[in-house]
Structure formats: C-alpha cells, structure tokens
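A short write-up of the structure that comes next.
All values reported here derive from a predicted model rather than from experimental measurement. Side-chain atoms are counted along with the backbone in the values below, which use heavy atoms only and exclude waters and symmetry mates.
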Amino acid sequence: MCRSIKTLRNTEVPATKEEIRAAALQFVRKVSGYRKPSRVNEEAFERAVEEIARSTQKLLGNLSAR
C-alpha cells in the first residue's frame, strides 16, 4: 500500500515517536488522497494522524519478540 512507510517493529532499536508519526501521516495522506488538507479538513486530518500514531505506539508496545 504505502511503500514509503518503513517497518517500525525492531526489537533492538525501538521506533521513535517521530518515526511513528511520520508513518501515520503517510497512511492518512494515502487514505485521504490529500498531501495537505484544506483548512476545513485540517482538524480531522490531524486528529486522524494522532489517533493512528497512538494506536501504532500501542501495537508496537504490545508485540512480543520471537
């Protein structure tokens, strides 16, 4: 889907908050079709980025290493 989103799961070097937010931003851009949303859609766009970043942080925190 989003080739520019890198894999964030790494047991030796955990992903930074910046990397997680960048991946969330790329995902929302791809899904919404907006590189930069209009002013009227900016709040919804940013909210989606933050929610996805939080969910990603939870996911990475709950994954177990083999």
Side-chain angles (χ1 to χ4, degrees):
M1 181 170 129
C2 295
R3 293 184 184 142
S4 60
I5 296 176
K6 71 178 209 169
T7 300
L8 298 177
R9 185 181 55 83
N10 185 336
T11 56
E12 294 175 18
V13 182
T16 65
K17 288 187 180 203
E18 292 80 19
E19 290 172 322
I20 292 171
R21 187 176 193 297
L25 177 60
Q26 286 299 319
F27 179 80
V28 172
R29 284 177 173 168
K30 185 70 163 187
V31 170
S32 70
Y34 293 117
R35 174 147 171 56
K36 181 171 172 50
S38 63
R39 260 189 247 140
V40 74
N41 291 322
E42 192 170 13
E43 184 180 336
F45 187 91
E46 286 300 320
R47 194 174 333 115
V49 171
E50 294 307 317
E51 287 176 15
I52 292 168
R54 275 193 305 276
S55 293
T56 301
Q57 185 71 47
K58 284 181 190 178
L59 171 65
L60 292 174
N62 289 318
L63 290 176
S64 299
R66 288 188 191 194

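For E19 against A15, the heavy-atom pair with the smallest separation is OE1-CA, 3.3 Å. In this structure, A53 and A24 approach most closely via the heavy-atom pair N-CB, 3.7 Å.
With rounding to the nearest 0.5 angstrom, the CZ atom of R39 is 16.0 Å from the CZ atom of F45. Between R35 atom CZ and K30 atom NZ the span is 13.0 Å, to the nearest 0.5 Å.
Under a hydrophobic-cluster definition in which Ile, Leu, Val, Met, Phe, Trp and Tyr are linked whenever side-chain heavy atoms come within less than 4.5 Å, directly or via other members, F27 and L59 are assigned to different clusters. Under the 4.5 Å side-chain heavy-atom criterion for Ile, Leu, Val, Met, Phe, Trp and Tyr, I52 and V49 are members of the same hydrophobic cluster. With hydrophobic clusters built from ILVMFWY side chains whose heavy atoms lie under 4.5 angstrom apart, L63 shares a cluster with L8.
Judged as a side-chain hydrogen bond (donor to acceptor under 3.5 Å, both in side chains), and not counting sequence neighbours, Q57 has no contacts. Residues that satisfy the side-chain hydrogen bond (donor to acceptor under 3.5 Å, both in side chains) test with R47, not counting sequence neighbours, are E43.
The residues E46 and R21 are annotated as salt-bridged, a charged nitrogen and a carboxylate oxygen being separated by less than 4.0 angstrom.
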